[in-house]
Amino acid sequence: MDEFERHGIVMVEGRDAAARALRSPELTSDPGAGSPSVLLRDGEGHTRVRGVLREIIGRLEPFPDSVRTEIEAVVGGLGTSFDLVRDFARPVAGLVTAAVLGVSLDDVFLDHLERTTANLDVFGGTDRAAQASAFRLSVQLGRAPAEPGSGLAGLRAAHAEGRLDDDELAINPVVLAHAAYENSLNFLASAGLQLASAAETRSVRELAAEICPARYVLRFGAEGPVAISLADGLPFGLGRHACPGSGVALAEAEIALRALSAVLSGGCQVGEVRWKTHPVFHGLAQAVVTLG
């Protein structure tokens with residue numbers, strides 16, 4: 001029995017079935033608990049909060065040259081032996097997450113971010129450590145100074161304008177940070193492993209569809225919860241809950257993977273590879289690459 005079956009969650013797999021489920025008005029992302037998270041609501045509240053978050057993400061379109069330069073510096077500074085997770089994907093994903101929010105993020109912040117889950121309650125609220133980390137990050141972002149023009153300043157401006165309420169302002173910066181960070185972390189490390197291991201070259205879009213770092217999304221219907229698979233060519237979802245940051249994610253990956261490809265061009269060997277075991281988020285725990 002897998003994780004979904006243990007919790008009585010029906011699975012929907014296959015691209016056509018998944019696309020229908022993602023578009024279905026009979027399935028909602030709202031479990032009925034009144035969450036302020038954009039990921040756990042539907043209707044007017046979801047549309048309103050998603051619109052604010054889309055504006056924040058849109059500040060990175062087109063992708064800023066300053067962030068591009070920082071990413072290339074991280075990849076260019078990799079030594080002759082490095083971990084694709086710790087040394088490549090984590091700092092790159094951290095840079096872009098910091099750019100989305102407009103605040104500096106240290107390793108302690110990223111450690112807590114990795115302990116959260118995207119909806120902060122994937123299987124019914126049993127992961128108290130994840131929720132504690134999410135609360136800590138919410139407090140930290142709530143106290144952080146917001147530079148003019150930053151994502152955090154934009155969120156606070158939306159709150160002042162009445163477009164976000166107090167609870168929405170408290171939790172959605174964490175949701176946004178997690179979405180920007182976790183999926184990029186998992187995708188970049190896995191795509192880096194593909195570059196280091198495979199002879200053929202594939203586009204970033206092809207890699208995204210193949211790797212699909214967020215494998216499932218949870219929806220709720222009249223007969224109970226449903227896990228919809230995104231692994232058959234729907235890495236950014238579909239419909240009203242499709243990822244609003246797909247353009248930024250693809251631009252980030254293009255820059256980082258192009259730079260990594262140049263580093264790997266002289267040949268490399270892949271050492272120990274370990275995978276995460278989370279039922280929703282697919283990614284590497286470790287993959288050591290040695291050049292030469």
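These numbers come from a predicted model, not from an experiment. Side-chain atoms are counted along with the backbone in the values below, which use heavy atoms only and exclude waters and symmetry mates. We number each residue from 1, following the sequence as shown.
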Trainee: Is there a donor-acceptor contact under 3.5 Å from the side chain of R274 to the main chain of A287?
Mentor: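 Side chain of R274 to backbone of A287, a donor-acceptor pair under 3.5 Å: no, none is there.
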
Trainee: Between E254 and R205, does any side-chain N to carboxylate O distance fall below 4.0 Å?
Mentor: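 Looking at R205 together with E254, the answer is no, because their closest N to O distance does not fall below 4.0 Å.
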
Trainee: Let me confirm one number: the CZ-CG distance from R50 to D42, rounded to the nearest 0.5 Å.
Mentor: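 So the CZ of R50 and the CG of D42 are separated by 11.5 Å.
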
Trainee: Between Q140 and F109, is any pair of side-chain heavy atoms under 4.5 Å apart?
Mentor: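 Side chain of Q140 against side chain of F109, heavy atoms only: contact under 4.5 Å found.
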
Trainee: Taking everything shown except Q269 itself, do over 12 heavy atoms lie less than 6.0 Å from its CD?
Mentor: no

Trainee: Classify the angle between the aromatic ring planes of W275 and H282 as parallel (below 30°), tilted (30 to 60°) or perpendicular (above 60°).
Mentor: parallel

Trainee: Inspect the contact between D111 and R90 and indicate whether a charged nitrogen and a carboxylate oxygen are less than 4.0 angstrom apart.
Mentor: yes

Trainee: Indicate yes or no: does R48 engage E168 in a salt bridge with an N to O separation below 4.0 Å.
Mentor: yes

Trainee: Any link between I228 and F236 through a network of hydrophobic side chains (Ile, Leu, Val, Met, Phe, Trp, Tyr) touching at under 4.5 Å?
Mentor: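 Result: no, two separate clusters.
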
Trainee: Please say yes or no: joined through hydrophobic side-chain contacts below 4.5 Å, possibly via intermediate residues, are V273 and V289 part of one cluster?
Mentor: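 Yes, same cluster.
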
Trainee: Are H278 and Y216 an aromatic pair, judged by ring center distance below 6.0 Å?
Mentor: no

Trainee: Output the distance between atom CG (L284) and atom CG (D83), rounded to the nearest 0.5 Å.
Mentor: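 Between atom CG of L284 and atom CG of D83 there are 8.5 Å.
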
Trainee: Within a strict 4.5 Å, meaning less than it, do heavy atoms of the L141 and V174 side chains meet?
Mentor: yes

Trainee: Should the pair E55-R163 be classified as a salt bridge under the 4.0 Å nitrogen-to-oxygen rule?
Mentor: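 Yes.
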
Trainee: Do T116 and F135 make a side-chain contact, defined as non-hydrogen atoms from C-beta onward lying under 4.5 Å apart?
Mentor: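 Result no, sub-4.5 Å side-chain heavy-atom pair not found.
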
Trainee: From R59 CZ over to S150 OG, what is the distance, rounded to the nearest 0.5 angstrom?
Mentor: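 The CZ atom of R59 sits 7.0 Å away from the OG atom of S150.
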
